[in-house]
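Heads up: the structure comes next, in structure tokens.
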Amino acid sequence: MASLAWLLIPLFAAIGAAIWGSWAARDRTQGDISELAGYARFREAMDKADRERQKAEAHSGSDVV
């Protein structure tokens, strides 16, 4: 009976390795696409904020002496 228990340990390890391997090899291209789209939206927002800041600095009267 003890030898059967020792044989079940590698069997469970092999099943666990197969499950982990299939999870690690899954197709993750959808996640990459949404990540890149989010990054593009972030860059557009930062460019817009930078343009607005430059406009505000150009039109402020504090630089006129």
Side-chain angles (χ1 to χ4, degrees):
M1 190 57 127
S3 62
L4 182 61
W6 279 106
L7 289 174
L8 288 176
I9 293 171
L11 176 66
F12 288 137
I15 291 171
I19 291 171
W20 179 83
S22 64
W23 177 78
R26 71 190 187 283
D27 185 20
R28 291 181 272 191
T29 56
Q30 182 62 29
D32 292 342
I33 293 169
S34 64
E35 290 281 331
L36 291 173
Y39 180 66
R41 287 192 307 272
F42 171 77
R43 287 189 53 171
E44 289 171 9
M46 290 295 107
D47 288 342
K48 181 180 176 184
D50 190 39
R51 285 191 305 267
E52 289 175 358
R53 183 185 53 81
Q54 288 174 352
K55 255 190 218 180
E57 287 176 356
H59 293 108
S60 68
S62 62
D63 292 338
V64 178
V65 179

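Since this is a predicted model, take the numbers as computed values, not measurements.
One hydrophobic cluster holds both Ile19 and Phe12 under the rule that ILVMFWY side chains link at heavy-atom gaps under 4.5 Å. Two different hydrophobic clusters hold Ile15 and Trp23 under the rule that ILVMFWY side chains link at heavy-atom gaps under 4.5 Å. Following chains of ILVMFWY side-chain contacts shorter than 4.5 Å, one cannot reach Leu4 starting from Ile9, and the two form parts of different hydrophobic clusters.
In this structure, CD on Glu44 lies 11.5 Å from CE on Met46, to the nearest 0.5 angstrom.
Put simply, the side chain of Asp47 does not reach to within 4.5 Å of the side chain of Asp50, judged on heavy atoms.
No more than 12 heavy atoms of other residues, nucleotides or ligands sit less than 6.0 Å from atom CZ of Arg43.
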Practice prompt. Evaluate side chain to side chain contact (heavy atoms under 4.5 Å, CB included) for Ile33 paired with Leu36, printing each intermediate quantity in order.
Written response: CA-CA 5 Å; Ile33 293 169; Leu36 291 173; 5.9 Å; no
